[in-house]
Every structure is written in structure tokens, then in C-alpha cells.
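I have placed the structure first, in the form of C-alpha cells, so that the comments after it can refer back to it.
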Number of protein chains: 2
Amino acid sequence: MINRKVIKYQKYKTNRSFLSKLYVILNDNTYNDIIHWNNEGSKIIIINITRLCDVVLRKFYKHNNYSSFVRQLNIYGFHRSQGIIKDGVCFEHEYFNKKTTKEQINQIIMKDKKKKIFIGLF
Amino acid sequence: MINRKVIKYQKYKTNRSFLSKLYVILNDNTYNDIIHWNNEGSKIIIINITRLCDVVLRKFYKHNNYSSFVRQLNIYGFHRSQGIIKDGVCFEHEYFNKKTTKEQINQIIMKDKKKKIFIGLF
DNA sequence: GGTTCTAGAACC
DNA sequence: GGTTCTAGAACC
């Protein structure tokens, strides 16, 4: 009974994590003109920073600060990358792409807070 | 004769400095829907980051990286600030406002490169 | 002196 | 675990 609660809680948490939300955003065509996968599904392209802040960040992350979004990308191990010319800002991650499963996403850990995670619930 | 050359060179340089360009941008109505002074002329409001990158940064700073722009603001001593609600990103500087003269702008020095400036031409 | 990308650190 | 603002450091 306790285990079931823990699992439920973990699922609840992970669906609301930075990466899970990012995955939802990227696979929602609604935001295709703001942020999307590159053709190969290997990189993230931010087309419109202004609308990313006003629409996407406000809705999913409850803020509208582009710098905070980039900080989170870095904390989770994303790197700036080169997209197609005239495209927007491009980021990529070794283990985060269009084919990554939800389970795999939940296995990606933060860069500078590893300790806290290992002594935490998991 | 040498002095005149030096003065000419300094004028040439300062007109192309980060702050001088920023002052030009802020006082050009062309970019009013992208970046402008607040009503009091005391703070900088960035309305549209996307167009700031695509139009203003490309033209004046030969790049289109918002993070680089913010880095420069910090190096010159600007601080994030609060604008009117629903406004964009807001920055302010103790000595940089709408009434600042070109001469005063040229007296503002960089934060972490002070040494280099003091052993330089001036 | 400017550009780029990422990290520090305090706060929540 | 996320948010915020600013700084480090390497490169140009």
C-alpha cells in the first residue's frame, strides 16, 4: 500500500519535472512555431524566444524568464549547438531526443545536484 | 599632431563601444517596439527578444545571441530590474539613463576589466 | 573590448 | 528541484 503511494507520487513528480514538461512541449504541435525538434529529432530549436517566454514558459514553468530556461537546460546537461542557418537557438543533449522514452527521461539526472538526488527518495 | 590622431581614434572607438551603440539604439524610434526607455528614461525595457536578436543585435553588434547581450549589460554594471507589469525584460544602470551625455557614457568602465583599461590608452 | 557557453550562489 | 541574476573563463 505504501509502495503504491510512493510510485504514484514519483509518477506525479516526474510528469512535472523540467525535462518531462520539455518533452511534452516539443511533441505538441501547438508550439511548433515557437520551439520544435530539428528534422532528425536530435536537437531542440527555439524559433521565437519572445513567444517562448510569453506562452510556453508562462504555461508550463510558471515564469517568463528565458535565462531561467537556459539555466535549467544547462543544469540537465544540454549544450548549445548549431542548427540550420537562419534557424533560432539550438540545444542538444546526449540522452534526450525525439525517440527518448518517458522512462529514459526520468533517468536523466541533474548536473550539480547529483548528491541531493542520491540521498533522496530514490 | 599625434594628439589629434589619438583623439580622433578614441572618438572612433567610443562611438562603436557597446554602451554608445546601446544609447543610439534606445534613442532611435525605429526600434521602439523592440527595446526602449521606460517612461522616466531611467530603465531599459526589452519588449521583443526575438526581434532584438534578429534585427538590433545583428545590425549593431554583428551577432544574434541574446545571452551575449545580457552578458555585456552585466559586464558594464547593469542590473535586472522590475518594469511595469506585462512589460518585457527590464535593466537599469546607476549612471546610464536617457539624460546621460555621450561624454558621461564614455566614462563608464567595465566591471571585470578595469585593470586592462587603466593600463591602456587613457 | 567583445562573444560565447556554462556555472555559481543565493533564494524559493 | 526550480528560479533568478550575475560571473567565470576560454576564445576571438
Side-chain angles (χ1 to χ4, degrees), chain A residues 9-10 12-22 43-44 46 52-53 56-83 89-94 105-122, chain B residues 9-10 12-22 43-44 46 52-53 56-83 89-94 105-122:
Chain A
Y9 178 66
Q10 285 182 358
Y12 173 88
K13 279 200 71 181
T14 52
N15 283 341
R16 278 160 180 69
S17 76
F18 174 79
L19 289 181
S20 300
K21 288 177 181 176
L22 182 60
K43 300 179 181 185
I44 296 170
I46 301 168
L52 180 82
C53 296
V56 177
L57 299 188
R58 270 192 208 284
K59 178 169 180 181
F60 288 87
Y61 300 110
K62 316 298 179 200
H63 69 80
N64 68 330
N65 191 330
Y66 176 66
S67 298
S68 300
F69 181 69
V70 173
R71 185 73 188 94
Q72 281 290 68
L73 288 174
N74 284 326
I75 285 174
Y76 276 98
F78 283 82
H79 295 279
R80 278 294 294 263
S81 176
Q82 289 305 311
V89 182
C90 183
F91 282 93
E92 65 179 316
H93 187 290
E94 192 178 2
I105 287 174
N106 293 338
Q107 285 169 18
I108 298 173
I109 53 175
M110 300 174 76
K111 251 189 188 176
D112 53 355
K113 294 189 177 177
K114 285 179 182 176
K115 284 176 193 170
K116 286 191 180 175
I117 285 177
F118 284 126
I119 60 166
L121 272 176
F122 294 84
Chain B
Y9 179 66
Q10 285 182 357
Y12 173 86
K13 279 199 72 179
T14 52
N15 283 342
R16 278 158 181 71
S17 76
F18 175 78
L19 289 182
S20 299
K21 287 177 180 176
L22 182 58
K43 300 179 180 185
I44 296 169
I46 301 168
L52 180 82
C53 296
V56 177
L57 299 188
R58 270 193 207 285
K59 179 170 182 182
F60 287 88
Y61 300 110
K62 316 298 180 199
H63 68 81
N64 68 329
N65 191 331
Y66 176 66
S67 298
S68 299
F69 181 69
V70 173
R71 184 72 189 95
Q72 281 289 69
L73 288 173
N74 284 324
I75 285 174
Y76 277 98
F78 284 83
H79 295 279
R80 279 294 295 263
S81 176
Q82 289 306 310
V89 182
C90 183
F91 282 93
E92 64 180 316
H93 188 291
E94 193 178 0
I105 288 174
N106 293 338
Q107 285 168 18
I108 298 173
I109 52 175
M110 300 173 76
K111 250 187 186 175
D112 54 355
K113 293 189 178 177
K114 283 179 182 177
K115 285 176 194 169
K116 285 191 181 175
I117 284 177
F118 284 127
I119 60 167
L121 272 176
F122 294 85

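Naming convention: chains lettered A, B, ... in sequence-line order (proteins, then strands); numbering from 1 in each chain. Since the structure is predicted, the reported quantities are computational estimates derived from the model, not experimental observations.
If you check dA7(C), dC5(D), dG2(D) against the side chain of Met110(A), the one that comes closest is dG2(D). When distances run from any side-chain atom of Ser68(B) to the nucleotides dT3(C), dA7(C), dC5(C), the shortest one goes to dT3(C). Taking the side chain of Gln82(A) as heavy atoms from C-beta on, and the options dG2(D), dG8(C), dC5(C), the nearest nucleotide is dC5(C).
Taking all atoms of both residues into account, the shortest heavy-atom contact from Leu57(A) to Asn65(A) is CD1-O, 3.7 Å. Minimum interatomic distance between Asn106(B) and Ser20(B) (heavy atoms only, all atoms of both residues): OD1-OG, 3.7 Å. Considering all non-hydrogen atoms of both residues, Phe91(B) and Arg80(B) come closest at CZ-CD, 3.2 Å.
Within 4.0 Å (heavy atoms only), Phe69(B) reaches no atom of the nucleic acid at all. Among the protein residues, Tyr76(A) comes within range of the sugar-phosphate backbone only, with heavy atoms under 4.0 Å from sugar or phosphate atoms but none that close to a base.
Here the P atom of nucleotide dT3(C) and the NZ atom of Lys21(B) are 7 Å apart, to the nearest Å. We find that CG of Asn74(B) is positioned 16 Å from P of dT4(C), with the value rounded to whole Å. One can place OH of Tyr66(B) at 17 Å from C1' of dT6(C), the figure rounded to the nearest angstrom. Across the protein-nucleic acid pair, Ile75(A) atom CD1 and dT4(D) atom P stand 12 Å apart, rounded to whole Å. Remark: P of dT6(C) and NE2 of His93(A) are 12 Å apart, rounded to the nearest angstrom. One atom, CD1 of Ile109(A), and another, P of dG2(D), lie 13 Å apart when rounded to the nearest Å. When rounded to the nearest whole Å, the span between CD of Gln72(B) and C1' of dC5(C) equals 14 Å. The distance from atom CZ of Arg71(A) to atom P of dA9(C) is 11 Å, rounded to the nearest whole Å.
Lys21(B) places a side-chain N or O within donor-acceptor distance of the main-chain N or O of Phe60(B), the cut-off being under 3.5 Å. With hydrogens and angles disregarded, a donor-acceptor distance shorter than 3.5 Å links the side chain of Lys43(B) to the backbone of Gln82(B).
For Arg16(B) against dG2(C), no side-chain N or O and base N or O form a donor-acceptor pair under 3.5 Å.
A heavy atom closer than 4.0 Å to some atom of DNA chain D occurs in Tyr61(A), His63(A), Asn65(A), these being the qualifying members of residues 56-65 of chain A.
Side-chain nitrogen and oxygen atoms of Lys111(B) include none within less than 4.0 Å of the OP1 or OP2 phosphate oxygen of dT6(D).
With rounding to the nearest 0.5 Å, the separation of CG in Leu22(B) from OG in Ser17(B) is 9.0 Å.
For Tyr76(B), the ring-ring contact (aromatic ring centres under 6.0 Å, His included) partners are Phe18(B), not counting sequence neighbours.
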